[in-house]
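Not measured: the values here are computed from a predicted model. Naming: A, B, ... by sequence-line order, numbering from 1 per chain.
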2 protein chains.
Amino acid sequence: MNSQSEEDYLKAIYHLEMDYDSISTNSVADYLNMKPSSVTDMLKKLADKKYINYQKYKGSSLTKKGKLIALSIIRKHRLWETFLVDKLGFGWDQVHLIAEQLEHIKSEELIENLDDFLGNPKYDPHGDPIPNKEGKIEKMNQKLLVELKIQQEGIITGVKKGTASLLSYLDKEKIKLGDSIKVIEVLEFDGTFIVEINNRKLTFSEKICQNLLLETYD
Amino acid sequence: MNSQSEEDYLKAIYHLEMDYDSISTNSVADYLNMKPSSVTDMLKKLADKKYINYQKYKGSSLTKKGKLIALSIIRKHRLWETFLVDKLGFGWDQVHLIAEQLEHIKSEELIENLDDFLGNPKYDPHGDPIPNKEGKIEKMNQKLLVELKIQQEGIITGVKKGTASLLSYLDKEKIKLGDSIKVIEVLEFDGTFIVEINNRKLTFSEKICQNLLLETYD
DNA sequence: ATTTATTTTTAGACAAGTCTAAAAATAATA
DNA sequence: TATTATTTTTAGACTTGTCTAAAAATAAAT
Ligand SMILES: [Mn+2]
Ligand SMILES: [Mn+2]
Ligand SMILES: [Mn+2]
Ligand SMILES: [Mn+2]
């Protein structure tokens, strides 16, 4: 049985591996708001358990075993988030901290029953794919809006980390996850995007475009 | 913020106070499968926090503050049990251990939304009353079937602790919580009860009658 | 190629929560 | 009441997960 801490570390390393090749001790510390010395201790323990490949001073990576555990925690996290939004009426910007706790509840049966109860959803309220029981997860062809060319289309799947306030703005503009978005024009002067969503033309600042994630059709 | 351990101790003391006047260190240790020395340590901490009245060698009792915390944990426990049975299709005999974990999730809003989602239930799947947000709990006029006189009626609310197998028997006989039960006859020879449930006459051994809890109308 | 800066690990400490073994207090029995 | 048994507390140890401060390794800059 793995502790809550161990699970959070494995999840952190998994997320960092999405963005970087080699995972440094400091990057894990930053991610988890922990001191590097604490991280070193935990990395040693996770390596003992064969959940990560850890070489002193060189960095870490998940083993197959560790990756499966990380994915099972992410599965639970995203299913609980879906429950909180779909069934309990929470907003997508309110569920993360609660799911951070719920993801550690130990019961195989619980999570499978929850999955069925929710209608076996494929995406969580932030548009992130939910891994299946076997740890298979859809690899998203995800791009930032700012990376799209004129006339290119995509489906809104989420926002970048640390931009929760963007969610409220989208809400206010009645823009939801799953909405289709098409680039009409880009102003060279300040990088402003003119886009079309739900048959409406809207103007997005460059900053918004740098933080809005889309799934594209290529 | 109270730890999971502190919450479990407070809940244990609350339950013990239902059955006994003075709560001994050893009784808490037995209840939680812990060593008495560990309990002493925790009792001191809970007393420091003004959650219990603790006097060396004399025993403990919950303060108003401690009782409110215990009741809030019990509220969460019973709401989660209701969720697991009503929404996720668990049996009443499968939910306790999972609720034992879920009861410690920290979020006021979560539990109030869950309460609404479940339709503000008054009783959990074992027939135990669910405390309200303010810590008010219905005092059940609960009796064992064996205590009823001939012609007296009651509503099945649960079974005594440690008799989980009785639940399966009742299930098999299509008897549910909330069913009304009436004593028709008591055989003096062996204490067998003849009762009426759902317009059926049934025979219950004395042992069953000593473990079946009813709410009576007096 | 040295020197300097950064990253990472080690060493040692601490809090929480548990345990065992022994001492002290209380209760039961002779 | 004196002795014995039981309950409860104390003393000291251990594990987990965290921290600070210092040392060691690696990377960057002169
Ligand atoms: Mn977590
Ligand atoms: Mn999410
Ligand atoms: Mn618990
Ligand atoms: Mn219950």
May I ask you to decide whether A:Lys49 forms a salt bridge with A:Glu6, counting only side-chain N to carboxylate O separations under 4.0 Å? yes
Find out whether the Lys NZ or Arg CZ of B:Lys45 is both under 6.0 angstrom from the six-membered ring centre of B:Tyr9 and within 45° of the ring's axis.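 No, B:Lys45 does not lie over the aromatic ring of B:Tyr9.
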Taking the six-membered ring of B:Phe83 as reference, does the NZ or CZ atom of A:Lys87 fall below 6.0 Å from its centre and within a 45° cone about the axis? no
Applying the side-chain contact (heavy atoms from CB on, under 4.5 Å) test to A:Glu103, which of A:Gln4, A:His77, A:Glu81, A:Arg78 qualifies?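 Only one option passes, and that is A:His77.
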Check for a donor-acceptor pair, side chain of B:Lys106 on one end and backbone N or O of B:Asn2 on the other, with a separation under 3.5 Å. yes
Does the side chain of A:Ser24 pick up a donor-acceptor pair with the side chain of A:Asn26 at under 3.5 Å? no
Please report, rounded to the nearest Å, how far the C1' atom of D:dT8 is from the CG atom of B:Asp30. 13 Å
In this structure, how many angstroms lie between the P atom of C:dT9 and the CG atom of A:Leu43, rounded? 7 Å
Strictly under 4.0 angstrom, non-hydrogen atoms only: write out the protein contact profile of nucleotides 10-18 of chain C, one letter per nucleotide from the 5' end, B, S or -. B-----SSB
Within residues 11-28 of chain B, the residues having a heavy atom closer than 4.0 Å to DNA chain C are none
Using side-chain heavy atoms (C-beta onward) and a distance below 4.5 Å, is B:Asp190 in contact with B:Glu206? no
Residue A:Asp48 excluded, over 12 heavy atoms near CG under 6.0 Å: yes
